[in-house]
Amino acid sequence: MAEAVFDLVVRQARVATAADTFAADIGVRGGRIVAIGEGLAAGSREIDAAGRVVTPGGVDAHCHLDQPMEGPARMADDFLTGTRSAACGGTTTVIPFAAQAKGQSLVAAVQDYHARAEGKAAIDYAFHLIVSDPTPQVLQEELPALIAQGYTSFKVYMTYDDMKLDDGQMLDVLDVARRHGAMAMIHAENADCIEWLTKRLEAAGRTAPRFHAHARPMLVEREATHRAIALSQLVDVPILIVHVSGKEAIEQIRWARSHGLAVFAETCPQYLFLTAEDLGIDDSYHGAKCICSPPPRDKSNQQFIWDGLNDGLFTVFSSDHAPFNYDDPAGKKPGGEEAAFRHIPNGIPGLETRLPLLYSEGVLGGRITLQKFVELTATSPAKAYGLHPRKGTIAIGSDADLVVWDEHELTVRNAQLHHAVDYTPYEGMQLKAWPALTLSRGEVVWDGTYRGRAGRGRFLRCDAPSLLPKRS
Ligand code: DUC
Ligand code: ZN
Ligand code: ZN
């Protein structure tokens with residue numbers, strides 16, 4: 001038997017990157033890709049990928065895990081169950097949020113979040129920050145210091161009472177992003193419009209889950225998207241608008257791009273595969289399962305999202321996994337009761353289904369190319385948040401984070417998923433593919449059975465986002 005040259009060789013893969021598809025063996029040593037070629041020498045371990053597409057492991061750049069919440073709400077997934085679920089769906093890097101509570105120091109929020117991840121994460125992880133209280137201390141000291149330490153992206157909210165910033169505060173934090181080379185992510189919905197509509201709906205007794213979508217129509221997202229663009233233009237800094245839901249917000253982003261502004265955008269599976277009808281066509285409470293913000297729109301908007309994925313409008317495709325149990329006083333039934341939509345925690349699970357949904361309906365459904373799939377789910381998110389080329393691609397020197405795909409018919413069943421949430425919004429959906437294998441730094445973490453281990457995931461310090469202009 002020939003002496004092993006590699007720790008692992010993945011043989012005869014149809015390797016897909018954001019640029020190409022080609023047949024090759026992949027040689028792995030020390031958790032990294034060290035050779036790509038034909039007829040590589042033997043590995044201590046060999047995986048036969050003949051005829052199989054092999055993509056980079058997914059980078060889910062927008063998910064919420066064990067994020068401290070106001071009131072009774074508690075996220076169902078911590079770092080253990082969330083990263084386990086991610087691995088089983090082909091994702092090998094997650095970027096959840098270290099969220100500053102108002103009155104809290106940003107550094108304390110980061111320390112607390114590290115404690116939540118440590119010993120639990122099964123795949124590698126970085127943190128975005130959420131800035132909810134931009135005090136002078138945060139703006140002048142904490143945020144610049146954290147950016148320099150590898151937390152190079154942060155999210156700001158234009159809605160949610162416990163998170164939202166006014167326009168002046170937005171300008172202040174955007175200015176920090178510009179001066180220190182961070183990526184600013186913006187949740188764009190107009191808080192005052194939402195509150196005004198919510199009160200009117202409540203006064204009319206319209207409090208069933210489906211009215212969540214009535215309280216957050218496209219207009220409120222469109223207005224806030226335009227305002228975010230204007231604020232970024234004033235400061236002269238790139239921004240990334242997260243969870244874009246449909247046509248009118250897309251039009252604002254196209255307008256910005258046509259004026260030469262660096263406005264990036266993200267969308268999520270819920271805007272391709274759910275509609276407002278999933279929040280209920282009558283007053284049934286089950287619609288609470290699909291309450292997220294912005295809400296899913298109508299069928300016609302789904303096509304605008306597909307078009308935006310295809311033509312470069314969107315840079316990133318993330319899950320916005322925000323896991324709350326349905327039948328749970330800490331979840332979608334606050335205090336154990338069916339509640340008015342205002343009180344239902346926003347968010348749906350999606351870490352494990354993100355890649356299979358897009359691969360099945362996008363790639364195998366003939367809507368996007370395999371290259372586009374890799375770009376949106378791995379390469380561009382890694383570039384947007386300073387993790388490329390370590391993550392997000394198949395190249396010499398990159399971590400051996402790989403997915404071997406199995407194209408077969410299957411039905412999504414929550415019972416077969418690995419998160420800790422008691423439902424999936426995609427229950428019963430027919431898919432055409434699922435990862436046969438997920439490798440994280442060369443270790444098999446999913447082969448039809450979860451093989452990961454709590455605590456094997458490593459914290460990743462992010463470099464300056466490579467999508468941003470270089471700073472001199
Ligand atoms: N909306 C958010 O902004 N964050 C988490 C989940 C959601 O629906
Ligand atoms: Zn958001
Ligand atoms: Zn989110």
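Counting starts at 1 for both ligands and their atoms, following the listed order.
Legend: protein N/O/S atoms lying under 2.8 Å from the Zn ion (ligand 3), waters omitted, number 3.
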> Can you list the steps and then say if Thr55 with Phe373 is a side chain to side chain contact (heavy atoms under 4.5 Å, CB included)?
Replying inline: CA-CA 9 Å; Thr55 58; Phe373 170 85; 4.3 Å; yes
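At a threshold of 4.5 Å between non-hydrogen side-chain atoms, the residues Met75 and Gln67 count as touching.
You'll find the ring centres of Phe459 and Tyr151 inside the 6.0 Å limit. Annotation: Phe154 is not in aromatic contact with His128 [ring centroid separation under 6.0 Å not met].
From His388, atom NE2 reaches atom OG of Ser380 across 8.5 Å, with rounding to the nearest 0.5 Å. Distance check, rounded to the nearest 0.5 Å: CZ of Arg257 to CD1 of Ile250 gives 10.5 Å.
With no hydrogens or angles considered, a side-chain donor-acceptor pair links Ser319 and Asp60 at under 3.5 Å.
Put simply, the residue from Asn414, Thr353, Thr424 that forms a side chain to side chain donor-acceptor pair (under 3.5 Å) with His419 is Asn414. Results of the ring-ring contact (aromatic ring centres under 6.0 Å, His included) test with His64 over Tyr113, Phe127, Phe97 single out Phe97 as the only residue that passes.
Every protein residue with a heavy atom nearer than 4.0 Å to ligand 1 is included here: His64, Lys155, Tyr157, Tyr160, His187, His243, Cys292, Ser293, Asp320, Ala322, Asn346, Gly347.
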